[in-house]
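Every heavy atom of this structure was used, including side-chain atoms; hydrogens, water molecules and symmetry mates were not. Because the structure is predicted, anything quoted here is derived from the model rather than measured.
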Amino acid sequence: MNLQKRNCGMEVKLVPYGAGWTDVYFNIGDDKLYFIITSVWSDQFSKLLEVLYYLHPDQNDPKRNDDIDYWDGVCELIKGHYKVTKIVERCEECPATIVSIPHKAELHWDEEGSSSHWVFTREPTEDTDFTLQIDICIHRDEEKHYSYQVQYKDFCYAVAKTCTEVLKSHGIYGYHHSTYEDDLNLRHLLFVKAVALDCLETRKLTDNGDGLGESTSFEKELELLLFDM
């Protein structure tokens with residue numbers, strides 16, 4: 001595969017420094033934001049990876065995520081883009097006319113005495129290259145609010161880059177042990193990284209025939225997982 005590094009215009013840095021504590025740095029524009037995640041309660045960093053995975057309309061997971069808000073409706077082609085124009089109830093009689101678009105997701109990182117809350121929203125379209133609205137509220141001595149509009153693909157790059165770095169520096173079990181309980185879902189990471197690097201061919205399924213299911217290229221998946229961004 002022809003994988004290419006690039007500058008995505010932002011940086012996410014994940015630092016699991018042990019004893020169940022994790023630092024997260026988010027640099028975007030002139031803003032340098034800092035977060036702490038405790039393992040005692042609330043979401044872990046893997047929640048961010050999960051959110052990005054499920055906000056893509058073509059990740060083809062057969063099961064909905066209960067933490068994602070979906071818009072069910074009739075999707076029509078408007079100025080070259082498919083957009084939900086009428087919100088309807090999903091029904092058994094008309095499944096072909098109804099589309100389900102991931103629209104909104106939230107996560108909460110607790111710092112044991114302070115916290116941060118993230119809200120992600122996107123337009124209810126079937127576009128796979130879209131703008132992601134990120135709203136962050138940090139609750140410490142004073143409450144601060146931040147809002148950004150970024151390209152989904154670029155944010156995927158920043159998150160996939162730090163996930164790759166932390167797995168290479170800590171290992172899979174080392175990362176889990178340092179955070180006490182968090183695991184980075186490799187399926188989610190491979191998809192988010194494939195979006196960021198324009199190599200969704202790593203998800204190509206091959207029918208094995210004779211009732212043996214389908215398979216992907218493990219060699220390509222490993223190449224993608226190990227690629228330094």
Enquirer: For a 4.5 angstrom cut-off between non-hydrogen side-chain atoms, does Asp110 reach Ile37?
Expert: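 When only atoms from C-beta onward are counted, Ile37 and Asp110 do not touch, as no gap falls below 4.5 Å.
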Enquirer: Using 0.5 Å steps for rounding, measure from the CG atom of Leu167 to the CG atom of Leu186.
Expert: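 Here the rounded value is 6.5 Å.
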Enquirer: With side chains defined as the heavy atoms from C-beta onward, is the minimum distance between Met229 and Tyr157 less than 4.5 Å?
Expert: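 Touching, per the 4.5 Å side-chain cut-off.
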Enquirer: Show the numbers, then the answer: is there a salt bridge (charged side-chain N to carboxylate O under 4.0 Å, His left out) between Asp127 and Arg122?
Expert: CA-CA 10 Å; Asp127 293 343; Arg122 54 152 297 173; over 6 Å; no
Enquirer: Counting only heavy atoms from other residues, nucleotides and ligands, does the tally under 6.0 Å from OH of Tyr180 exceed 12?
Expert: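 No, because the 6.0 Å sphere around OH of Tyr180 holds 12 heavy atoms or fewer from other groups.
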Enquirer: What residue among Asp23, Thr179, Leu184 forms side-chain contact (heavy atoms from CB on, under 4.5 Å) with Phe45?
Expert: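 Exactly one option meets the side-chain contact (heavy atoms from CB on, under 4.5 Å) with Phe45, and it is Leu184.
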Enquirer: Transitively linked via ILVMFWY side-chain contacts under 4.5 Å: Met10 with Val15?
Expert: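 No, Met10 and Val15 fall in different hydrophobic clusters.
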Enquirer: Do Tyr175 and Asp182 pass the side-chain hydrogen bond (donor to acceptor under 3.5 Å, both in side chains) test, and can you show the C-alpha distance, the side-chain angles, and the key distance before you say yes or no?
Expert: CA-CA 8 Å; Tyr175 172 78; Asp182 198 29; 2.5 Å; yes
Enquirer: Can you name the one residue among Leu197, Val192, Val150 that meets side-chain contact (heavy atoms from CB on, under 4.5 Å) with Cys156?
Expert: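 Testing each of Leu197, Val192, Val150 against Cys156, the sole residue satisfying side-chain contact (heavy atoms from CB on, under 4.5 Å) is Val192.
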Enquirer: Could you tell me the separation between the CD1 atom of Ile28 and the CG atom of Leu33, rounded to the nearest 0.5 Å?
Expert: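 Output value for this atom pair is 8.5 Å.
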Enquirer: Which of parallel (below 30°), tilted (30 to 60°) and perpendicular (above 60°) describes His56 and Phe191?
Expert: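 Aromatic pair His56/Phe191 classed perpendicular.
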Enquirer: Evaluate side-chain hydrogen bond (donor to acceptor under 3.5 Å, both in side chains) for Glu50 paired with Asn65, printing each intermediate quantity in order.
Expert: CA-CA 9 Å; Glu50 178 184 327; Asn65 186 297; 2.6 Å; yes
Enquirer: Are Trp109 and Leu55 connected in the hydrophobic side-chain network, where two residues link if heavy atoms are under 4.5 Å apart?
Expert: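 Per the 4.5 Å side-chain linkage, Trp109 and Leu55 are co-clustered.
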Enquirer: Between Val12 and Tyr148, is there a shared hydrophobic cluster once you connect ILVMFWY residues whose side-chain heavy atoms come closer than 4.5 Å?
Expert: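 Yes, Val12 and Tyr148 fall within the same hydrophobic cluster.
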Enquirer: Which residues satisfy the salt bridge (charged side-chain N to carboxylate O under 4.0 Å, His left out) test with Asp67, sequence neighbours excluded?
Expert: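 Asp67 satisfies salt bridge (charged side-chain N to carboxylate O under 4.0 Å, His left out) with Lys47 once adjacent residues are dropped.
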Enquirer: Tell me the closest heavy-atom pair linking Glu143 and Cys137, and the distance in Å.
Expert: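 That closest heavy-atom pairing would be CG-SG, 3.4 Å.
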Enquirer: In this structure, would Leu189 and Phe227 fall into the same cluster of hydrophobic residues linked by side-chain contacts under 4.5 Å?
Expert: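 Yes, because Leu189 and Phe227 connect within a single hydrophobic cluster, where side-chain heavy atoms sit under 4.5 Å apart.
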Enquirer: Taking Arg6 first and then Asp154, would you say they form a salt bridge - that is, a charged N and a carboxylate O separated by under 4.0 Å?
Expert: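 Yes, this pair counts.
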Enquirer: Just checking, any donor-acceptor pair under 3.5 angstrom between side chains of Thr164 and Lys193?
Expert: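 A pair is found: one side chain offers a donor N or O, the other an acceptor, under 3.5 Å apart.
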Enquirer: Indicate the atoms forming the closest heavy-atom contact of Pro16 with Leu14, along with that distance.
Expert: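 The answer is CD-O, 3.7 Å.
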Enquirer: Applying the 4.5 Å side-chain criterion to the ILVMFWY set and letting contacts propagate, would Leu200 and Tyr54 be lumped into a single cluster?
Expert: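 Yes, Leu200 and Tyr54 fall within the same hydrophobic cluster.
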Enquirer: Taking atom OH as the centre, does Tyr17 end up with more than 12 heavy-atom neighbours from other residues, nucleotides or ligands that are less than 6.0 angstrom away?
Expert: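 Count over threshold, so yes.
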Enquirer: Would you find more than 12 non-hydrogen atoms of other residues, nucleotides or ligands less than 6.0 Å from Leu222 atom CG?
Expert: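 Enclosed.
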Enquirer: State, with a plain yes or no, whether a side-chain heavy atom of Leu224 is found less than 4.5 Å away from one of Met1.
Expert: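 Leu224 reaches Met1 side chain to side chain.
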Enquirer: Could you state the interatomic distance from OG1 (Thr121) to CD (Glu123), rounded to the nearest 0.5 Å?
Expert: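 The OG1 atom of Thr121 sits 8.0 Å away from the CD atom of Glu123.
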Enquirer: Any chance you could measure Glu112, atom CD, to Ser42, atom OG, to the nearest 0.5 Å?
Expert: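 Atom-to-atom, Glu112:CD and Ser42:OG are 9.0 Å apart.
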Enquirer: Given 3.5 Å as the limit, does a donor-acceptor pair link the side chain of Asp210 with the main chain of Leu212, or not?
Expert: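 Checking the backbone N and O of Leu212 against the side chain of Asp210, no donor-acceptor pair under 3.5 Å is found.
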Enquirer: Apply the test side-chain hydrogen bond (donor to acceptor under 3.5 Å, both in side chains) to residues Ser215 and Asn208: give CA-CA distance (whole Å), side-chain angles for both, the deciding distance (0.1 Å), then the verdict.
Expert: CA-CA 7 Å; Ser215 62; Asn208 294 319; 3.2 Å; yes
Enquirer: Check whether the side chains of Asp129 and Gln151 place a donor and an acceptor atom closer than 3.5 Å, and report yes or no.
Expert: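 Side-chain D/A pair, Asp129 to Gln151: present.
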Enquirer: Please evaluate residues Ile134 and Leu132 with respect to the criterion side-chain contact (heavy atoms from CB on, under 4.5 Å), reporting the C-alpha separation (whole Å), side-chain torsions for both, the decisive distance (0.1 Å), and the verdict.
Expert: CA-CA 6 Å; Ile134 304 175; Leu132 186 64; 4.2 Å; yes
Enquirer: Please check if atom NE2 in His177 has more than 12 non-hydrogen atoms from other residues, nucleotides or ligands closer than 6.0 Å.
Expert: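 Not buried by this count: 12 neighbours or fewer within 6.0 Å.
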Enquirer: Just to verify, which of Leu190, Leu205, Thr202 counts as forming a side-chain contact (heavy atoms from CB on, under 4.5 Å) with Thr216?
Expert: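 Testing Thr216 for a side-chain contact (heavy atoms from CB on, under 4.5 Å) against Leu190, Leu205, Thr202 leaves exactly one candidate, Leu205.
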Enquirer: With Phe35 as reference, evaluate Phe26, Tyr25, Trp118 under the ring-ring contact (aromatic ring centres under 6.0 Å, His included) test and give the passing residue.
Expert: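 For Phe35, the ring-ring contact (aromatic ring centres under 6.0 Å, His included) test succeeds with only one of Phe26, Tyr25, Trp118, which is Trp118.
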Enquirer: If you look at every heavy atom in Asn185 and His188, which pair is closest and at what distance?
Expert: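 Scanning both residues, the minimum pair turns out to be OD1-N, 3.0 Å.
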Enquirer: Side chains of Ser147 and Asp135: do they bring a donor and an acceptor to under 3.5 Å?
Expert: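 Judged by distance alone, the side chains do pair up.
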Enquirer: Apply the test salt bridge (charged side-chain N to carboxylate O under 4.0 Å, His left out) to residues Arg187 and Asp61: give CA-CA distance (whole Å), side-chain angles for both, the deciding distance (0.1 Å), then the verdict.
Expert: CA-CA 11 Å; Arg187 177 169 52 86; Asp61 204 290; 3.0 Å; yes
Enquirer: Taking the side chain as everything from C-beta on, heavy atoms only, tell me whether Asp198 gets closer than 4.5 Å to Lys153.
Expert: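 The answer is yes, as the side chains (C-beta and beyond) meet within the 4.5 Å cut-off.
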Enquirer: Does the pair Arg203/Glu221 count as a salt bridge with the N-to-O cut at 4.0 Å?
Expert: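 Not counted as a salt bridge, because no side-chain N and carboxylate O are separated by less than 4.0 Å.
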Enquirer: Step by step, work out the side-chain hydrogen bond (donor to acceptor under 3.5 Å, both in side chains) result for His108 and Glu106.
Expert: CA-CA 7 Å; His108 185 82; Glu106 302 181 38; over 6 Å; no
Enquirer: Do the charged groups of Lys161 and Asp228 touch, with an N to O distance under 4.0 Å?
Expert: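 Between Asp228 and Lys161 there is no salt bridge, as every charged N stays at least 4.0 Å from the carboxylate O atoms.
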Enquirer: Cut-off 3.5 Å, side chains only: do Glu181 and Ser39 have a donor facing an acceptor?
Expert: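 Note: Glu181 and Ser39 side chains miss the donor-acceptor criterion.
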Enquirer: Just do the side-chain contact (heavy atoms from CB on, under 4.5 Å) check on Leu225 and Glu223 with the steps written out, would you?
Expert: CA-CA 6 Å; Leu225 180 64; Glu223 181 184 353; over 6 Å; no
Enquirer: List the atom of Lys144, the atom of Tyr146, and the distance in Å for their closest heavy-atom pair.
Expert: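 Closest approach of Lys144 to Tyr146, heavy atoms only: CD-OH, 3.5 Å.
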Enquirer: Could you verify whether a donor N or O on one side chain and an acceptor N or O on the other, from His176 and Asp183, lie under 3.5 Å apart?
Expert: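 Yes, Asp183 and His176 have a side-chain donor paired with an acceptor closer than 3.5 Å.
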Enquirer: Between Glu111 and Arg140, is the side-chain contact (heavy atoms from CB on, under 4.5 Å) condition met? List the steps.
Expert: CA-CA 9 Å; Glu111 304 177 357; Arg140 293 193 181 117; 2.8 Å; yes
Enquirer: Between atom CG of Leu48 and atom OG1 of Thr162, what is the distance when rounded to the nearest 0.5 Å?
Expert: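 Nearest 0.5 Å value for the CG-OG1 distance: 10.0 Å.
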Enquirer: Stepwise, does the side-chain contact (heavy atoms from CB on, under 4.5 Å) test hold for Tyr152 with Thr128?
Expert: CA-CA 9 Å; Tyr152 168 79; Thr128 57; over 6 Å; no
Enquirer: Enter the distance from Leu107:CG to Ser116:OG here, rounded to the nearest 0.5 Å.
Expert: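 Here the interatomic distance stands at 7.0 Å.
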